[in-house]
Colleague: 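Sharing a structure, written as structure tokens. Questions coming.
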Amino acid sequence: MSSPQRIPRFRYDGTVTAEQRAFYEQYGFVIYRGLLDAQDVEIIRRDAEHLERETLEGNVPAEHRDQVIKPSYDENGRATLHRLPYFTLHSANTRDLIERRKLDALGPGLLGRPTWRFEDAVDGAVWQMKRGRRSSYSALDWHLDFPHDLPLTPLVNVGIYLDDATVRNGCLILVPGSHRYPPRRLEPLGLPIEAEAGDVICHTFNILHHSGPVLDDTSRATLYVYYSAGQKPDAGTAYSHRAGEDFAKMITGAEAGAR
């Protein structure tokens with residue numbers, strides 16, 4: 001496996017170019033710089049605040065509430081959430097933004113075949129927040145998003161960055177090209193991928209990746225939108241209990257936030 005000598009930051013105009021798809025196929029990821037502007041990011045942030053509040057108040061159906069990452073609590077006992085599944089199903093403004101910015105073209109453009117977007121099944125689009133203090137979610141161990149033989153695959157993970165991601169606050173770290181090799185136990189040499197708010201990082205479902213711990217007092221949020229060229233499940237199909245347990249085992253929290 002080899003890393004690119006230079007990591008390009010592409011611009012996205014609503015279509016995936018041959019150069020971008022070739023890079024994605026070889027290395028398993030592609031970065032789009034500044035795909036969303038500050039107003040776009042604010043729309044998603046407001047939707048996240050609203051959905052978190054509605055979830056904590058019990059106004060979201062139980063089957064749409066996260067079962068993977070435990071809430072964190074501040075010094076006053078106030079709960080905050082780290083993961084909001086089915087995000088676009090409950091956030092019309094974000095759903096409209098995705099369509100307006102033509103993100104739905106990323107799936108077929110990168111995979112080379114028709115795709116469908118996760119929305120009403122398998123947790124849909126997922127908002128996640130990492131925090132460094134008093135947090136049950138600060139880091140994530142090495143993993144693949146989905147097994148190679150899952151009927152949902154192939155698929156692409158589209159990460160919409162709502163805050164700057166740096167090594168200090170646990171940015172994405174991946175092994176370029178690892179998706180082209182069978183999974184095996186090894187000590188991976190990861191490549192940190194830093195990003196700015198508004199950037200979009202797309203990576204294939206079977207690339208080896210993780211994110212390190214938040215080492216400062218900041219927090220950062222990302223909205224993950226998934227496009228699949230595989231079998232579409234029925235609406236309401238749940239993220240499997242075993243998958244959720246496996247994912248939860250990879251979560252590392254800041255000890256000060258344990259409760």
Colleague: State whether R101 and D37 are salt-bridged, where the test is any N-O pair (Lys NZ or Arg NE/NH1/NH2 against Asp/Glu carboxylate O) under 4.0 Å.
Modeller: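 Judged by the 4.0 Å cut-off on N to carboxylate O distance, R101 and D37 do form a salt bridge.
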
Colleague: Is there a side-chain contact between V225 and I98 (heavy atoms, below 4.5 Å)?
Modeller: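 In short, these two side chains touch, coming nearer than 4.5 Å.
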
Colleague: Under a 4.5 Å cut-off applied to non-hydrogen side-chain atoms, are H64 and H90 in contact?
Modeller: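 A side-chain contact exists here, since the closest heavy-atom pair is under 4.5 Å.
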
Colleague: In Å and rounded to the nearest 0.5 Å, what is the SG to CG distance from C202 to N157?
Modeller: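 Answer rounded to 0.5 Å: 8.0 Å.
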
Colleague: Between H82 (side chain) and Q128 (backbone), is there a donor-acceptor pair under 3.5 Å?
Modeller: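 No, because the side chain of H82 does not come within donor-acceptor range (under 3.5 Å) of the backbone of Q128.
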
Colleague: Using a side-chain heavy atom cutoff under 4.5 Å and only I, L, V, M, F, W and Y, what cluster partners does L89 have?
Modeller: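 Listed partners: Y86.
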
Colleague: Looking at I69, is its backbone amide N or carbonyl O close enough to the side chain of D66 to form a donor-acceptor pair, meaning the two atoms are under 3.5 Å apart?
Modeller: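 Such a contact is found between D66 side chain and I69 backbone.
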
Colleague: So, the side chain of S228 versus the backbone of L152: is there a donor-acceptor pair under 3.5 Å, distance only?
Modeller: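 Flag set: sc S228 to bb L152 pair under 3.5 Å.
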
Colleague: Please check if the number of heavy atoms outside E42 that lie under 6.0 Å from its CD is greater than 12.
Modeller: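 It does: E42 CD has more than 12 such atoms within range.
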
Colleague: Applying the side-chain contact (heavy atoms from CB on, under 4.5 Å) test to T94, which of I44, I160, L51 qualifies?
Modeller: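 Testing each of I44, I160, L51 against T94, the sole residue satisfying side-chain contact (heavy atoms from CB on, under 4.5 Å) is I44.
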
Colleague: I'd like to check R180 versus E25 (side-chain heavy atoms, cut-off strictly below 4.5 Å). Are they in contact?
Modeller: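 A side-chain contact is absent here, since even the closest heavy-atom pair is not under 4.5 Å.
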
Colleague: Please give me the minimum heavy-atom distance between Q67 and A62, naming the atom from each residue.
Modeller: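 Minimum heavy-atom separation between Q67 and A62: NE2-O, 4.1 Å.
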
Colleague: Determine yes or no for a side-chain-to-main-chain donor-acceptor pair under 3.5 angstrom, with S178 supplying the side chain and L208 the backbone.
Modeller: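 Confirmed, S178 side chain pairs with L208 backbone.
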
Colleague: Considering only heavy atoms from C-beta outward, does the side chain of Y224 approach that of D145 to under 4.5 Å?
Modeller: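 The answer is no, as the side chains (C-beta and beyond) never meet within the 4.5 Å cut-off.
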
Colleague: Can you check whether A197's main-chain N or O pairs, donor with acceptor, with D163's side chain at less than 3.5 Å?
Modeller: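 Flag not set: sc D163 to bb A197 has no pair under 3.5 Å.
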
Colleague: Can L110 be reached from I7 by stepping across I, L, V, M, F, W or Y side chains whose heavy atoms are under 4.5 Å apart?
Modeller: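 Linked within one cluster.
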
Colleague: How far apart are the closest heavy atoms of P192 and C171, and which atoms are they?
Modeller: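 Closest pair (atom of P192, atom of C171, distance): CB-SG, 4.0 Å.
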
Colleague: Examine distances only and state if a side-chain atom of R220 and a backbone atom of G170 form a donor-acceptor pair shorter than 3.5 Å.
Modeller: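 Such a contact is found between R220 side chain and G170 backbone.
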
Colleague: What's the separation between atom NZ in K70 and atom CG in L81, rounded to the nearest 0.5 Å?
Modeller: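 Here the rounded value is 14.5 Å.
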
Colleague: Check whether any side-chain heavy atom of R113 lies under 4.5 Å from a side-chain heavy atom of P154, and answer yes or no.
Modeller: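 Yes. Closest side-chain heavy atoms under 4.5 Å.
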
Colleague: Would you say that T80 contacts M129 through its side chain, given a criterion of any heavy-atom pair below 4.5 Å between the two side chains?
Modeller: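 Sidechains of M129 and T80: no contact.
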
Colleague: Hey, what do you get for CG (L144) to NE2 (H209), rounding to the nearest 0.5 Å?
Modeller: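 Spacing of CG (L144) from NE2 (H209) equals 7.5 Å.
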
Colleague: In the structure I gave you, are the side-chain heavy atoms of Y32 and V16 within less than 4.5 Å of one another anywhere?
Modeller: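 SC-SC contact between Y32 and V16 confirmed.
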
Colleague: Stepwise, does the side chain to side chain contact (heavy atoms under 4.5 Å, CB included) test hold for R83 with V126?
Modeller: CA-CA 7 Å; R83 190 171 184 271; V126 178; 3.6 Å; yes

Colleague: Which word best sums up how the rings of F23 and Y27 line up, parallel for under 30°, tilted for 30 to 60°, or perpendicular for over 60°?
Modeller: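 Plane angle between 30° and 60°, so tilted.
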
Colleague: Is there a path of hydrophobic side-chain contacts, each under 4.5 Å between heavy atoms of I, L, V, M, F, W or Y residues, that connects I193 with Y12?
Modeller: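 Yes: a chain of side-chain contacts under 4.5 Å links I193 to Y12.
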
Colleague: Which label fits Y226 and F146: parallel for a plane angle under 30°, tilted from 30 to 60°, or perpendicular past 60°?
Modeller: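 Taking F146 first and then Y226, their aromatic rings stand perpendicular (interplane angle over 60°).
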
Colleague: Hey, is CD on Q39 packed in by over 12 heavy atoms from elsewhere, all under 6.0 Å?
Modeller: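 Atom CD in Q39 is not crowded, with 12 or fewer foreign heavy atoms closer than 6.0 Å.
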
Colleague: Any donor and acceptor pair, going by atom type alone, linking the side chain of R65 with main-chain N or O of T55 inside 3.5 Å?
Modeller: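 Answer holds: no.
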
Colleague: First locate atom CG of D234, then atom CG of D120, and finally report the distance between them rounded to the nearest 0.5 Å.
Modeller: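 Going from CG on D234 over to CG on D120, the span is 9.5 Å.
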
Colleague: Mind checking whether F87 and W127 have parallel, tilted or perpendicular rings, split at 30° and 60°?
Modeller: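 The arrangement is parallel - the two ring planes meet at less than 30°.
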
Colleague: Give a yes or no on whether the backbone of L215 and the side-chain of R168 come within a donor-acceptor separation of less than 3.5 Å.
Modeller: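 Checking the backbone N and O of L215 against the side chain of R168, a donor-acceptor pair under 3.5 Å is found.
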
Colleague: Report the C-alpha separation of T204 and Y24 in whole Å, then their side-chain angles, then the decisive distance to 0.1 Å, and conclude whether the side chain to side chain contact (heavy atoms under 4.5 Å, CB included) test is met.
Modeller: CA-CA 8 Å; T204 185; Y24 176 84; 3.3 Å; yes

Colleague: Taking D199 for the side chain and G34 for the main chain, is one N or O donor matched with an acceptor at less than 3.5 Å?
Modeller: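 Judged by distance alone, yes, a pair lies under 3.5 Å.
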
Colleague: Side chain of E194, backbone of V167: donor and acceptor closer than 3.5 Å?
Modeller: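 Such a contact is found between E194 side chain and V167 backbone.
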
Colleague: Which heavy atom of D216 sits nearest a heavy atom of T218, and at what distance?
Modeller: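 For D216 versus T218, the nearest heavy atoms are OD1-OG1, 2.5 Å.
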
Colleague: Roughly how far, to the nearest 0.5 Å, is OG1 of T17 from CZ of R11?
Modeller: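 Atom-to-atom, R11:CZ and T17:OG1 are 14.0 Å apart.
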
Colleague: Determine whether H179 and F205 make a side-chain contact, defined as any pair of heavy atoms from C-beta on separated by less than 4.5 Å.
Modeller: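 No, every pair of side-chain atoms sits at 4.5 Å or beyond.
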
Colleague: I'd like to know whether Y161 forms a side chain to side chain contact (heavy atoms under 4.5 Å, CB included) with L36, so could you lay out the CA-CA distance, the side-chain angles of the two residues, the decisive distance to 0.1 Å, and finally the verdict.
Modeller: CA-CA 9 Å; Y161 281 72; L36 302 187; over 6 Å; no

Colleague: Drop me the distance from L97's CG to L223's CG, to the nearest 0.5 angstrom.
Modeller: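 That separation rounds to 9.5 Å.
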
Colleague: Which atom pair, heavy atoms only, marks the closest approach of T15 to Q20?
Modeller: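 Answer, listing the atom of T15 first, then Q20: O-OE1, 3.9 Å.
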
Colleague: Is it possible for you to say whether I207 and Y227 belong to one hydrophobic cluster, with membership spreading through side-chain heavy-atom contacts below 4.5 Å?
Modeller: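 In one cluster with I207: Y227, yes.
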
